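Note that the structure is predicted; figures quoted are calculated from it, not measured.
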Amino acid sequence: MKQLSLEEIDANFCVPRTIKETDLVWRDVREDPFTVYGLYDYKNQVPFRRMPDAVAQTVSPGVAGLAHCTAGGRVRFSTDSDLVAIHVTMHRVSKMSHMPLTGSAGFDLYVDDPLTGTSRYWRTFTPPFDIKDGYESVIRFPSRMLRHITVNFPLYAGVDTLLIGVRETAQLGAGLRYRDMDPIVYYGSSITQGGCASRPGNCYQNILARRTNLDYVNLGFSGCGRAEDTMIDYLASLPMSVFVSDYDHNAPSPAHLQETHCKLYRAIRAAHPEIPYIMVSRFDFDSAYEENIARRDVIFGTYRYARETGDRNVYYIDGASVFRGPDEDGCTVDGTHPNDHGFALFASALGAELKRAFTQGAF
């Protein structure tokens, strides 16, 4: 007897490989009325990237490669089409044993409410498992009405082009805009980049963007967030409303952290004297207890230095406290990288510090 595949047994696991509709109009997201957020000079750069190649190559080979991953990229638009399709070409597809392909190479779609500003997940553009250099996918709605849309880019894929398809008779317009202020800039490790969220919308920055309606830039680099001098200079040059330092995991040692952590703080603070500055220590504190005490001491030492020199807009999050509770052993996929639950907990912890900054009148 032939053994049936899971797709043959349960149609809900079937991933369509072609789009059957012939009445679609395709538009490049680099063109109006689309707006892309979180990616560098997106109208002129192919492939999409998170920072200039010329800068990334001076930091490290790892950053030069990972800068092409589209973590933090989002495209916003509006349409009254009863479906939204994508056609995407990729030069890099990351398949990992501990991260769903929907997170590393998939896009997901949210519907934005213009009255409340909230965004609600609708569906995921799921890539086929044997994806090589891109794919097509379609998401359908139950009716035809005007909707404001956010589509989140993959966390660990290199995207060359993204085309959006809607009915040829449908309206296509601008999407909602984020609050009129500079983006939050996040710098850090693979956790910052989004590993191992099940889909892009579940990385902690996207969760916070939906909760606060604040734009952001994701500069997390798996294994490569080490606060090199050229990276520090680039970070300090960026426009930002908040800076989040979360690279503890990638500092090779407490000594490296000691050498770079306060240096990064001083550079950002010199360029942006008034913005909230948030420092984070690693979550998996018990994995190397004694070393992580030393790491935390370095980070809190920077915080203490900032306070002692008169900075009242600096904040500290003890990573060891983020996952505490009855489900603390269920917040990661491998003891280090958060799952969706872990990311939601961290978004709440970080959101509390942002709220404190709001309350103190920083915004």
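Looking at Asp80 and Arg147, their side chains never come closer than 4.5 Å, going by heavy atoms from C-beta outward. Side-chain contact between Ile164 and Phe77 is present, with heavy atoms from C-beta onward closer than 4.5 Å. Counting heavy atoms from C-beta outward, Ser348 and Arg211 have side chains that approach closer than 4.5 Å. Contact of the Arg266 side chain with the Cys262 side chain is registered, since non-hydrogen atoms from C-beta on lie closer than 4.5 Å. You'll find the side chain of His148 reaches within 4.5 Å of the side chain of Leu176, heavy atoms only.
Summarising the geometry of Asn250 relative to Phe221, their closest heavy-atom pair is OD1-O, 3.0 Å, with the distance given to 0.1 Å. In terms of heavy-atom proximity, Ser104 sits nearest to Ser94 at OG-O, 2.9 Å. Shortest non-hydrogen contact noted between Tyr135 and Pro128 is CB-CD, 3.7 Å. Taking all atoms of both residues into account, the shortest heavy-atom contact from Ala197 to Cys203 is CB-N, 3.9 Å. Closest heavy-atom contact between Ile184 and Leu354: CD1-CD1, 4.2 Å. Contact record, Cys224 with Ser60: CB-OG, 4.4 Å, taken as the closest heavy-atom pair.
Using a cutoff of 4.0 Å between basic side-chain nitrogens and carboxylate oxygens, Arg74 and Asp215 are scored as salt-bridged. At a threshold of 4.0 Å, the pair Asp82-Arg167 counts as salt-bridged, since one of the basic side-chain nitrogens sits closer than that to a carboxylate oxygen. A salt bridge between Lys263 and Asp229 is present, with a side-chain N of the basic residue lying under 4.0 Å from a carboxylate O of the acidic one. A salt bridge links Arg76 with Asp112; the closest basic N to acidic carboxylate O contact falls under 4.0 Å. We find that Asp297 and Arg295 are not joined by a salt bridge, their nearest charged nitrogen and carboxylate oxygen being 4.0 Å or further apart. Using a 4.0 Å cut-off between charged side-chain N and carboxylate O, Arg226 and Glu259 make no salt bridge. The pair Asp32-Lys43 counts as a salt bridge, with a side-chain nitrogen and a carboxylate oxygen less than 4.0 angstrom apart. Taking 4.0 Å as the cut-off between side-chain N and carboxylate O, Asp108 and Arg123 do not count as a salt-bridged pair.
Atom-to-atom distance recorded for Ile317:CD1 and Met279:CE is 11.5 Å, nearest 0.5 angstrom. From Leu350, atom CG reaches atom CD of Gln205 across 8.5 Å, with rounding to the nearest 0.5 Å. In this structure, the separation between CZ on Phe125 and CG on Leu162 is 8.5 Å, given to the nearest 0.5 Å. Note that CZ of Arg92 is 12.5 Å distant from CG of Asp160, once rounded to the nearest 0.5 Å. Taking CG from Leu39 and CZ from Arg30, the interatomic distance works out to 9.0 Å, rounded to the nearest 0.5 Å. For the atom pair OG1 of Thr359 and CZ of Arg356, the computed distance is 8.0 Å after rounding to the nearest 0.5 Å.
Placement of Phe300 and Val314 within a single hydrophobic cluster is found when ILVMFWY residues are connected by side-chain heavy-atom separations under 4.5 Å, directly or transitively. Taken together through direct or relayed side-chain contacts under 4.5 Å among Ile, Leu, Val, Met, Phe, Trp and Tyr, Val88 and Leu109 form part of one hydrophobic cluster. In the hydrophobic clustering of ILVMFWY residues, with side-chain heavy atoms under 4.5 Å counting as a link, Ile86 and Val93 come out together. If you chain together hydrophobic residues whose side chains sit under 4.5 Å apart, Leu83 and Met145 never meet in one group. The hydrophobic cluster containing Val59 also contains Val217, counting ILVMFWY residues as joined when their side-chain heavy atoms lie under 4.5 angstrom apart, directly or transitively.
For the pair Trp122 (side chain) and Phe141 (backbone), a donor-acceptor distance under 3.5 Å is absent. No donor-acceptor distance shorter than 3.5 angstrom exists from the side chain of Asp327 to the backbone of Gly330, with no hydrogens or angles considered. The main-chain N or O of Pro47 is found under 3.5 Å from a side-chain atom of Arg49 such that the two form a donor-acceptor pair. Checking side-chain atoms of Ser198 against main-chain N and O of Pro100 turns up no donor-acceptor pair under 3.5 Å. Side chain of Arg50 to backbone of Leu66: a donor-acceptor contact under 3.5 angstrom is found. Between the side chain of Ser189 and the backbone N or O of Gly223, no donor-acceptor pair lies under 3.5 Å. In this structure a side-chain-to-backbone donor-acceptor pair under 3.5 Å is present from Ser253 to His256. Listed for the His68 side chain is no donor-acceptor partner under 3.5 Å among the backbone atoms of Val159.
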Q: Walk me through it: do Asp311 and Tyr305 pass the test side-chain hydrogen bond (donor to acceptor under 3.5 Å, both in side chains)?
A: CA-CA 9 Å; Asp311 193 339; Tyr305 163 82; over 6 Å; no
Q) Stepwise, does the side-chain contact (heavy atoms from CB on, under 4.5 Å) test hold for Met181 with Leu214? A) CA-CA 8 Å; Met181 55 195 302; Leu214 291 171; 3.2 Å; yes
Q.
Walk me through whether Phe283 and Glu328 qualify under side-chain contact (heavy atoms from CB on, under 4.5 Å).
A. CA-CA 10 Å; Phe283 304 138; Glu328 64 182 276; over 6 Å; no
Q) Given the rule in the side-chain hydrogen bond (donor to acceptor under 3.5 Å, both in side chains) test, do Tyr178 and Asp180 qualify, once you have shown the distances and angles that lead to the verdict? A) CA-CA 6 Å; Tyr178 291 101; Asp180 187 19; over 6 Å; no
Q. Given Thr116 and Thr118, is the side-chain hydrogen bond (donor to acceptor under 3.5 Å, both in side chains) satisfied, shown in steps?
A. CA-CA 5 Å; Thr116 65; Thr118 59; 2.7 Å; yes
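More than 12 heavy-atom neighbours from other residues, nucleotides or ligands sit within 6.0 angstrom of CZ on Arg307. Crowding of Arg312 atom CZ: a count of heavy atoms from other residues, nucleotides or ligands under 6.0 Å exceeding 12. Heavy atoms of other residues, nucleotides or ligands lying less than 6.0 angstrom from NZ of Lys355 number 12 at most.
Judged purely by distance below 3.5 Å, without hydrogens or angles, the side chains of Tyr247 and Thr260 pair a donor atom with an acceptor atom. No side-chain donor-acceptor contact under 3.5 Å links His261 and Asp248. The closest side-chain donor-acceptor pair between Thr89 and Thr161 falls under 3.5 angstrom. Using a 3.5 Å distance cut-off with no hydrogens or angles, the side chains of Thr332 and His337 do not pair a donor with an acceptor. A side-chain donor-acceptor contact under 3.5 Å links Asp284 and His249. Under 3.5 Å, the side chains of Ser222 and Tyr156 contain a donor-acceptor pair of N or O atoms.
With Phe107 as the aromatic partner, Arg199 does not meet the cation-pi criteria of under 6.0 angstrom to the ring centre and within 45 degrees of the ring axis. For Arg120 and Tyr110, the positive end is not near the middle of the six-membered ring at less than 6.0 Å and at most 45° from its axis.
Note: Phe346 and Tyr204 have perpendicular aromatic rings, judged against thresholds of 30 and 60 degrees for the angle between ring planes. Ring orientation note: the planes of Phe285 and Tyr289 are nearly perpendicular, at an angle over 60° on the 30°/60° scale.
With ring centers used as reference points, Phe48 lies 6.0 Å or more from Tyr42.
Residue Tyr187 forms a side-chain contact (heavy atoms from CB on, under 4.5 Å) with just one option from Asp246, Leu264, Leu238, Asn218, and that option is Leu264.
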